[in-house]
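All remarks here apply to the structure that follows.
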2 protein chains.
Amino acid sequence: MNMLYLVGRIVKPNARLTGMPPTRKYEQRLRAKAADQTRRRILDAVYQCLIEAPSEQVGMDKVAKLAEVSRSTIYTVFGSRAGLFDALGMDLLHRGGFTDMVGAVLQPDARRGLRDGITGNVRMYAAHRDVLRALFSMAHLDADAVGGTVRRLEDGRAQGMDDLARRLHDQGALRDGLTAGDAGHLLWLHTSFDAFDLLHSGRSLPADTVAALLADAAEHALCRPSDTPSSTGG
Amino acid sequence: MNMLYLVGRIVKPNARLTGMPPTRKYEQRLRAKAADQTRRRILDAVYQCLIEAPSEQVGMDKVAKLAEVSRSTIYTVFGSRAGLFDALGMDLLHRGGFTDMVGAVLQPDARRGLRDGITGNVRMYAAHRDVLRALFSMAHLDADAVGGTVRRLEDGRAQGMDDLARRLHDQGALRDGLTAGDAGHLLWLHTSFDAFDLLHSGRSLPADTVAALLADAAEHALCRPSDTPSSTGG
DNA sequence: CATTTCGATGAACATGCTGTATTTGGTCGG
DNA sequence: CCGACCAAATACAGCATGTTCATCGAAATG
């Protein structure tokens, strides 16, 4: 059904019909840059569409008009609707600060990494809330509506949380009776976009409050009563 | 845009054109029963469609074929696609055991109500996982794609959790420094479908394990260290 | 400047889905 | 059996996605 990114391009018939292959070497400098610009303009347009009307279906027509390109251009660049949203996900993954979050949990003190990871996570979720909501919901309703980006993104988070859980276990921070596996499950829950959005959108709480609530909840659910009076300094 | 359940029905032109109103009394016995049966067959078909292909878009055509009715019949009965899914939500609300869950949290011991409420909740979520996933995701993507059922359902849960939070506070069960408001927020999170599904589908955990994990997490996040050694008996 | 190459474009077309209008066929009451 | 009535089927209109194609214009190359 879908051949993403595989846009068949046939040699123009007005070229040499004798079967001679194109032998000229081309170093695209300006053209590649222009192509990247239109690509970016389209991605920004989708982003803008999702922000302006979060609970409406985004049509290719609106995106094209907002990006000031033709509708067919979107298809030549991204292949399909799914390819477009897949690229949007990849774009968020690189530019949205997802990598910072990974770094936050990797600091030596695992318990501190828990709090910093959650707050960093929440900050990132809050910055792109509407877009992420659309991406995640689309992924739930239609498996390949957004390509594999959401899956990849969540796989990374799962691995990171399992790592953190193990380090919490190794450092003796987990409360009695809680295995590293269960700790991973709970971290998976507390660092999820859904957990953030349930509190942020569902209860109209500002991002900072959500971060504090989630961090406290996670710490109490996971860790033994703290030896040091508090973790953030109060 | 939508006039759900309001299907305009015009008198056929071959009836008396002299303006005489229909005076015959009609007691529909067989026909009304048959109509209810087709209505139910359609609802069951949607349910079945969502179960068989959870991550595919459900088309009216598939539903009609599965219910062995014509596609137009769905429109005469439910008015629109949104009306159909709205009715499905209402059907789940009445037949899915949502009311049992409300009763569970209303028992005298609030702390026991927390655990029983969560386990009952999880059991219900697990029984209808695929259908609920579709309903919730659709509600997120398109505001009025499922009518107001999801909104009403969640409003009820919010109220119930705030009540429970206040009773936990009044019974002195909350840990120091946690307000009844914050407790309500956390209960809202721990009794959500998303929290269940993150663990059940996202981590491949059976429903019982999810219930135990969520109940323990909620108890540790909300309550003071238990005076009685344990709540469930372990 | 001439020629090649490629991104962008708009139109045309096919498809699939939602929603509506009209007709058909069977059931009810007399 | 007839006429009133209504659920169900058929046919049709509208809209969005996705594909194809001829063409334009600008960049790259000589």
Side-chain angles (χ1 to χ4, degrees), chain A residues 1-4 6-17 20-42 56-65 67-85 142 145, chain B residues 1-4 6-17 20-39 41-42 56-65 67-85 142 144-145:
Chain A
M1 170 195 178
N2 45 4
M3 311 200 304
L4 310 183
L6 276 177
V7 185
R9 211 150 253 301
I10 300 154
V11 195
K12 287 184 69 174
N14 59 352
R16 282 291 176 88
L17 294 173
M20 181 184 270
T23 50
R24 228 186 230 182
K25 57 179 177 180
Y26 256 63
E27 299 178 18
Q28 304 136 329
R29 288 168 289 195
L30 288 183
R31 311 202 64 167
K33 209 167 76 175
D36 278 1
Q37 278 177 352
T38 62
R39 180 189 164 87
R40 173 122 307 279
R41 244 195 353 258
I42 294 171
E56 280 182 25
Q57 187 167 332
V58 172
M60 309 293 269
D61 220 344
K62 278 186 185 173
V63 175
K65 214 167 73 177
E68 289 177 322
V69 298
S70 176
R71 197 170 61 87
S72 67
T73 303
I74 304 178
Y75 285 96
T76 60
V77 174
F78 296 101
S80 69
R81 178 187 171 84
L84 173 61
F85 283 95
D142 194 342
Chain B
M1 171 197 177
N2 45 5
M3 313 199 303
L4 309 183
L6 277 178
V7 185
R9 210 149 254 301
I10 301 155
V11 196
K12 284 184 73 174
N14 60 351
R16 283 291 176 89
L17 294 173
M20 181 184 269
T23 51
R24 222 185 235 182
K25 58 178 179 181
Y26 257 61
E27 299 176 17
Q28 305 138 328
R29 288 168 289 195
L30 289 182
R31 310 199 68 164
K33 210 167 76 175
D36 277 0
Q37 278 178 352
T38 63
R39 180 189 164 87
R41 239 191 1 253
I42 293 171
E56 281 183 24
Q57 187 168 334
V58 171
M60 308 294 269
D61 218 345
K62 277 186 185 173
V63 175
K65 213 166 75 177
E68 288 179 323
V69 298
S70 176
R71 201 169 55 82
S72 70
T73 303
I74 304 178
Y75 283 96
T76 61
V77 174
F78 295 101
S80 70
R81 178 187 171 84
L84 172 62
F85 284 96
D142 194 344
D144 47 19

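Atoms considered below: every heavy atom in the structure, side chains included; atoms not considered: hydrogens, waters and symmetry mates.
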Original post:
Does any N or O donor sit under 3.5 Å from an N or O acceptor when you compare the side chain of R39(A) with the base of dG7(C)?
Top reply: no
Original post:
Any side-chain N or O of T73(B) under 4.0 Å from OP1/OP2 of dA7(D)?
Top reply: no
**OP:** Take atom CG of D36(A) and atom P of dC6(C), then tell me their distance rounded to the nearest Å.
**Re:** 16 Å
Subject >> Whole-Å distance separating the CG atom of L84(B) from the P atom of dG19(C) >> reply: 10 Å
Subject >> First of R41(B) and R71(B) reached from the 5' end of DNA chain D, by closest nucleotide >> reply: R41(B)
Original post:
What is the minimum heavy-atom distance between S70(B) and A64(B), and which atoms define it?
Top reply: C-CB, 3.9 Å
Original post:
Roughly how many Å is it from CG in D61(B) to P in dT15(C), rounded to a whole number?
Top reply: 16 Å
Original post:
Out of dG18(D), dA8(C), dG19(C), which has the shortest distance to the side chain of R81(A)?
Top reply: dG18(D)
Original post:
Quick one: Q57(B) CD to dA16(D) P, roughly how many Å, whole number?
Top reply: 14 Å
Subject >> Minimal non-hydrogen separation, V69(A) against T73(A), with atom names >> reply: CB-CB, 4.3 Å
Original post:
Within the distance-only criterion (no hydrogens, no angle test), does the side chain of R41(A) pair as donor or acceptor with the backbone N or O of A67(A) below 3.5 angstrom?
Top reply: yes
Original post:
What closest approach, in Å, do R81(A) and V58(A) show between heavy atoms, and which atom pair accounts for it?
Top reply: NH1-O, 2.8 Å
**OP:** Specify the separation, in whole Å, of atom OH of Y75(B) and atom P of dT10(D).
**Re:** 17 Å
Original post:
So how far is it from L84(B) CG to R39(B) CZ, rounded to the nearest 0.5 Å?
Top reply: 9.5 Å
Original post:
Is S70(B) near enough to dA7(D) that one of its side-chain N or O atoms lies under 4.0 angstrom from OP1 or OP2?
Top reply: no
Subject >> Whole angstrom value for the distance that separates P of dG19(C) from CD1 of I74(B) >> reply: 11 Å
**OP:** Figure out the CZ/P separation between F78(B) and dT20(C), and round it to whole Å.
**Re:** 16 Å
Original post:
Within less than 4.0 Å of OP1 or OP2 of dA7(D), is there a side-chain N or O belonging to T38(B)?
Top reply: no
**OP:** Check whether any side-chain nitrogen or oxygen of S72(A) sits under 4.0 Å from OP1 or OP2 of dT9(C), and answer yes or no.
**Re:** no
**OP:** Round to the nearest Å and state the distance from E68(B) atom CD to dA9(D) atom C1'.
**Re:** 15 Å
